[in-house]
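Beneath this line is the structure, given in structure tokens, with notes to follow.
Counting begins at 1 with the first residue of the sequence.
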Amino acid sequence: MDKSSENKVKWGIMGTGWIAEQFTGDLVHTVSGVGYAAGSRTLESAERFAEKFGLAKAYGSYEELVLDPDVDAIYVATPHPLHREHVLLALAAGKAVLCEKPITVNSRELAEMIDAARSRGLFLMEAMWTRFLPVISQVRAWLKEGKIGEVRMLKADFGFRTDWNPEGRLLNPQLGGGALLDVGIYPVSLASMIFGATPQSVNSTAWIGETGVDEQFSVLLDFGAGRTASLNGAVRLGLNNDAWIFGTEGMIHIPSFINAREATLRVAGQEDIKVTDDRESKGYAFEAEEVGRCLLTGEKESPLIPLDESLSIMKLLDEIRDQWGLKYPFE
């Protein structure tokens, strides 16, 4: 596809919050897609969003959005406890779906969503945007080429100190709050990309705050053969947010790995190799472009994050929460 082509994916944006703004604003950096319609719980919010991003249509309900015959794909940007309902709504209307991470709150819900997509022959993908960044693509290539030998260890952290707001999304159990699902999905997904999503053993600990959600956690995954991942996440504690991948012949450092703009390959006796990304976009354009590529080729899943992997990751998150005895009120 080229920029002048009329054959573009027309995106319907479900939800008008911060992440919806990031994604929609990045669509101008894609070749395959264009923002077309916004849907919100109120028409006023949808109209305000549509005006801000130059979208053609605004709808005061999600039902109206998915029924628009000109919408090709839905980006689900609502809070994750609502993902199951909204993904199923879009799939029932015959739409391709890109659903914000985490794709849902537990593996039971995700299994239902996957079944709905596959039974209808529709595209569904988790919007794990980090997976599609050019720097991460280079890291995958380095690993595949054996640049650091046998990969043995991963250390990845992501955390920040949010303001104290018990009613807000991050700390409210009714909204699926806590560090694991909101920020922990990033290091866990990175571990899955490197080692696979089914560790042989899982050891974890968490600090459950006064609202009843995990404010911080630490997880140690053992994948056998000396392969381990040490992962930390927090929503009330600032972490360094870097990832380090250690192999028998060298290491890879990815500063601020979730939006990875650079990575360094270090091998003993060789000069460091550093890759950088001076992209104009925030980074969400790459996942949108992958959806466009899949729809153009007729693929129902992305090979970069297939649905079975998303399901395995969600099962792992379930197991970790089970170790803490953390269950959400709506489960």
Residue that, paired with W142, satisfies side chain to side chain contact (heavy atoms under 4.5 Å, CB included) out of I245, I252, V151, I148: I252
Main-chain N/O of S302 paired to E290 side chain as donor or acceptor, under 3.5 Å: no
Under 3.5 Å donor-acceptor, D242 side chain and S256 backbone: yes
Whether T24 side chain and E21 backbone form a donor-acceptor pair below 3.5 Å: no
Side chains of L316 and V188 in contact at under 4.5 Å (non-hydrogen atoms): yes
With F49 via ring-ring contact (aromatic ring centres under 6.0 Å, His included) - residues at least two apart: F53
Mutual orientation of the aromatic rings belonging to F257 and Y186 [parallel < 30°, tilted 30-60°, perpendicular > 60°]: perpendicular
Any residue meeting ring-ring contact (aromatic ring centres under 6.0 Å, His included) with F286, in chain and number order, not counting sequence neighbours: none
Side-chain donor-acceptor contact under 3.5 Å, T104 with H83: no
Sequence neighbours excluded, every pair satisfying side chain to side chain donor-acceptor pair (under 3.5 Å) that has a member inside residues 212-225: S218-N232
Backbone of E44 reached by a side-chain donor or acceptor of E47 within 3.5 Å: no
Test item: T211 side-chain N/O and L171 main-chain N/O as donor-acceptor pair under 3.5 Å: yes
Validation row, ring centre F23 to ring centre Y284 under 6.0 Å: no
NZ/NE/NH1/NH2 to OD/OE distance under 4.0 Å, R293 and E289: no
S61 side chain to E64 backbone, donor-acceptor under 3.5 Å: yes
Residues D272, K274: salt bridge by 4.0 Å N-O rule: no
E150 and T248: side chain donor to acceptor below 3.5 Å: no
Backbone N/O of F223 and side chain of R227: donor-acceptor pair under 3.5 Å: yes
Whether R161 side chain and R236 backbone form a donor-acceptor pair below 3.5 Å: yes
Test: K95 and D72 ion pair at under 4.0 Å: no
